[in-house]
Amino acid sequence: MDHGTDRAERGTVTESAEPGRVPLAVVVVDRDGLVSHWSRGARRLFGTPKEEAIGRTALDLLPVSGALPEERDTTSYAACDGPGPDLGASLDGGLSYPAAGRARLTAPGDGRVDVLWWAYPLVGAGPERLLVLAADAGALRAGDGAFERIAPGFALHTDFPGSEDLARRLPEILPSMSVGESARIVGQVLELGYPVLEFSQNDRVPVTPDWGVARRAERKARRERAARARAAGEPVPEELRDEGEDLEYAAVRERLEFLNEVSGRIGTSLDLSRTIIEVSRAVVPRFTDVAGTYLREQVVAGEGFEDGVPDTTTMWHRVAVEHTDEPGRWDDVVPVGEAMPFPAHTPFFQCMTSGEPVLVPRISEEMGHAIAAQFEKRDIRPLITGRSMLVVPLKARNVVLGFMILLRHPARPVFNDMDRVTGAELAARAGLVLDNARMYTFQENVAETLQDSMLPHIPPRMAGCDIATRYLPGTLLGRVGGDWFDAVKLHGGRTAFVVGDVMGHGLNSAAMMGQLRTAVQTMAGLDLPPAQLLRNLDDLAQRLGDTYLATCLYAVYDPIASELHLANAGHIPPVLVRAGDGRGELLDLPTGAPIGVGGVPFEAVRVRVEPGDRLVMCTDGLVEVRGEDIGVGLAALCESAAHPAASMDDACDTIIRALAATGAEAGRGGRKDDVALLMARLGGIEPDDVAEWRLALDAAEVSRARAAVREQLHEWGLAKLVAPAELMAGELVTNAVRHSHARPVQLRLVRGDTLLCEVDDDDHELPTLLDTGPLDEAGRGLRVVSTLSREWGTSRTKAGKTVWFELTLPRR
């Protein structure tokens, strides 16, 4: 059609329209009720030039004489006086929701124009308040098609100087459309793009004014033919018998289309919060003007709950409130996040206990007062009184998860029995989606709880070293996996560092990880050499089953000897950042086979370190880059680990950011695997903080040991610890001299974060703590050590055993 030429000053559209398309008039009304935009289509339809329309009162330019009665002939329209109930209310600001209708407009010349109109409130910021679209219904009757639905659409290639400001609020104009669909229409609403009417059975416009103008004419003709058949005494053909069935079919079809549309818009994610928002927005404003969603407290928390009917003590969380009223109107009165029970006399309790929808055609003053009584110090009556209410249960597998309170504005038709059926079906579909999201959230919480319980809480400071760790769950393939780290305190001021990765994801991997981590802790406490520990761990994995494999890196740091003792089972190598030159280097270790392969030997190496060196151990999820050799990630790890940082935590964050950037540059698009990262700054223990003595196997050496301890503690300025340390050291030396066989007894004091005292002998029998009576001689020494020390323990060595205790250093 020729959209570029202005037509007559007023009148119906007589140009030949494309099939299913008729030009629209577009009018924008500001908050003062004045016209701020008047399209060429408005000039053609209403007869007023743009320069005369801009700035005038909209009610003067759109003088609605009344809504069209359905059964009246067009000759009787002149009897309808006064403004239309919806368009007039929209123009003067009385309606806050999208509306539509069919009416007669007074126009110059031949009098009246039969029009269809749509009114969309603009609720965002800005001076505009209302978008009005209108079309000549006479042009529709001139068409030759019978259409199921009439909806406004917009042609392509539109440009208008003022469209950008309006475009920002277009999703609010057509709230049932997605952001993408609205963005597509942005430039098509105003003058130069020729908006049109489009007929579609799949439109998503929230309000449509009529169920087919052409169908109405067709039904009228069918009635006349049936009347003539009856008057002539002839049988009425089947297709002419009951036009009511056609109307009922159309209504049912509309609701089926609505339900199918809603089903396609909800459940796009297993995230519970997002699902709640999708469900709420799916029904506003197409089906209702207000939708308040309430869920059980356990559902919101992602917890399980017992089956059974809710009662008056059940707490319900308000998780969403979607509405078409002015912004903020509901926020203070019914804030999202509030939890409350509902008493037995309310329709909400009836819905949640029966599991069936509850319909209240109009909320009376009395009911409004009863409902408002549940909201302390907040008067909700102005928001609900006079509105139609439908309460629908959100349930799945016969369990009520929550309910939705649906309210319609008093100016809209009340909810009816068909709406009750539609609401019940809507709630059933939404309930299943919410239950899926709830179960996913519940399982996710269980998995995360399991993972958190298995990950250790490592102190930031251990003997001779500072430690920082990070754990990042996988974001694509699963939030729980088999990565772990640990730091285990060993005798002699040493610390064992371990990082491992069970291959795979999910609860089974996490459970396997927990078993391996516990085994490593136990064997580390026995002071097994690194290679032997991995050998035993591999044997354990074989006994647990051959379903899973795991990699593991185990390192023992001796701060007194200034060395690392490491063994590797198929894990990526660690990085050692040298304090001298600040370079990061990958340690060359025998790779070894993963834990679980079985029958493969493991080798250990010793590496000299200096105070200030940093050891970085991680799992492969940090360094793997899709489409790249793992060497790229390892090189990035070396570079980022060497970067100076103010603290250990900052150093860990720097590594994670750098490796994430490397993945993004390579197009990784997101981390699929979980990540475990452990960094230790190896501070060492100075020689002046270590004192050692060799004692002969003679009872007289006990007094010598006590004197040596007393003298050394005074030299270190630890006079407050002399009495307990001297007493406990004497007890341990007494036991060692008594039970040793040939080798001299070794006594060592180490001043670090605590005072450590160790006694070594060549007896392999570990002492145990016994209950002792007043007259018992055996066991009294260990009882004294257990009572007075901060911590104590025993461990086997190659030559025998070590018994040790620690005392807390006094504050300076």
Nearest 0.5 Å, what's the [atom1]-[atom2] distance between [X] and [Y]?
{"X": "M617", "Y": "L553", "atom1": "CE", "atom2": "CG", "answer": "3.5 Å"}
{"X": "T293", "Y": "L401", "atom1": "OG1", "atom2": "CG", "answer": "12.5 Å"}
{"X": "L809", "Y": "R751", "atom1": "CG", "atom2": "CZ", "answer": "8.5 Å"}
{"X": "M462", "Y": "R494", "atom1": "CE", "atom2": "CZ", "answer": "12.0 Å"}
{"X": "F485", "Y": "D501", "atom1": "CZ", "atom2": "CG", "answer": "13.0 Å"}
{"X": "L756", "Y": "W804", "atom1": "CG", "atom2": "CH2", "answer": "7.5 Å"}

Nearest atoms (heavy-atom pairs only) where [X] meets [Y]:
{"X": "P335", "Y": "R318", "value": "O-NH1, 2.7 Å"}
{"X": "W716", "Y": "D688", "value": "NE1-O, 3.2 Å"}
{"X": "D753", "Y": "R461", "value": "OD2-NE, 2.8 Å"}
{"X": "V488", "Y": "A524", "value": "CG1-CB, 3.9 Å"}
{"X": "M679", "Y": "A651", "value": "SD-CB, 3.6 Å"}
{"X": "C618", "Y": "L677", "value": "CB-CD1, 3.8 Å"}

Applying side-chain contact (heavy atoms from CB on, under 4.5 Å), can you list everything that pairs with [X], at least two apart in sequence or on another chain?
{"X": "M523", "value": "A519, L528, L533, N536, L537"}
{"X": "S647", "value": "D649, D650"}
{"X": "T754", "value": "R790, E806"}

Margin query: Can you confirm whether the side chains of D527 and H491 place a donor and an acceptor under 3.5 Å from each other?
Written below: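 Yes, H491 and D527 have a side-chain donor paired with an acceptor closer than 3.5 Å.
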
Item checked: D483 and T619 side chains, donor-acceptor separation under 3.5 Å ->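 Note: T619 and D483 side chains meet the donor-acceptor criterion.
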
Check: Stepwise, does the side-chain contact (heavy atoms from CB on, under 4.5 Å) test hold for L544 with M512?
Finding: CA-CA 9 Å; L544 293 175; M512 182 68 174; 4.1 Å; yes

Solution key, residues 634-645 side-chain donor-acceptor pairs under 3.5 Å, sequence neighbours excluded:
unit_1 : atom_1 : unit_2 : atom_2 : d
S640   : OG     : A636   : O      : 2.9
S640   : OG     : L637   : O      : 3.2

Next item on the list: Could you walk me through whether I630 and E624 pass side-chain contact (heavy atoms from CB on, under 4.5 Å), step by step?
Entry: CA-CA 6 Å; I630 195 172; E624 282 185 334; 4.3 Å; yes

With sequence neighbours left out, write down each residue that passes side-chain hydrogen bond (donor to acceptor under 3.5 Å, both in side chains) with [X], or none if nothing qualifies.
{"X": "R796", "answer": "none"}
{"X": "S789", "answer": "none"}
{"X": "Q521", "answer": "D486"}

Taking the side chain as every heavy atom from C-beta outward, state whether [X] and [Y] have any atom pair closer than 4.5 Å.
{"X": "L586", "Y": "I572", "value": "no"}
{"X": "P530", "Y": "H565", "value": "yes"}
{"X": "L295", "Y": "L394", "value": "yes"}
{"X": "Q746", "Y": "V759", "value": "no"}
{"X": "D674", "Y": "Y471", "value": "yes"}
{"X": "T654", "Y": "R657", "value": "yes"}
{"X": "P611", "Y": "L682", "value": "no"}
{"X": "R681", "Y": "C465", "value": "no"}

Side-chain donor-acceptor pairs of residues 589-604 under 3.5 Å, sequence neighbours excluded:
none

With sequence neighbours left out, what residues match [X] under salt bridge (Lys or Arg N to Asp or Glu O under 4.0 Å)?
{"X": "E791", "result": "K489"}
{"X": "D760", "result": "none"}
{"X": "D588", "result": "none"}

Next item on the list: Go through the steps for F805 and L755 under the test side-chain contact (heavy atoms from CB on, under 4.5 Å), then give the verdict.
Entry: CA-CA 8 Å; F805 67 83; L755 176 67; 5.8 Å; no

Does any N or O in the side chain of [X] come within less than 3.5 Å of the main-chain N or O of [Y], such that one atom is a donor and the other an acceptor?
{"X": "T469", "Y": "L678", "value": "no"}
{"X": "E758", "Y": "R748", "value": "no"}
{"X": "Y557", "Y": "G684", "value": "yes"}

Margin query: According to side-chain hydrogen bond (donor to acceptor under 3.5 Å, both in side chains), does anything in residues 609-618 pair up with another residue at least two apart or in another chain? List the pairs.
Written below: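 Only R578-D613 qualify under side-chain hydrogen bond (donor to acceptor under 3.5 Å, both in side chains).
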
Item checked: Over 12 foreign heavy atoms within 6.0 Å of CZ, R583 ->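 It does not: R583 CZ has 12 such atoms or fewer within range.
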
Check: Does D653 come within less than 4.0 Å of R470, counting only side-chain N to carboxylate O?
Finding: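 Salt bridge present between D653 and R470.
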
Margin query: Looking at D539 and R543, is any side-chain nitrogen of the basic one under 4.0 Å from a carboxylate oxygen of the acidic one?
Written below: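 No, this pair does not count.
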
Check: L490 pairs by side-chain contact (heavy atoms from CB on, under 4.5 Å) with which of D558, T495, V556?
Finding: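 Checked D558, T495, V556 against L490; only one passes side-chain contact (heavy atoms from CB on, under 4.5 Å): V556.
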
Note to self: If you apply the rule side-chain contact (heavy atoms from CB on, under 4.5 Å), what do you find for V499 with C552, and how did you get there?
What the structure shows: CA-CA 6 Å; V499 170; C552 184; over 6 Å; no

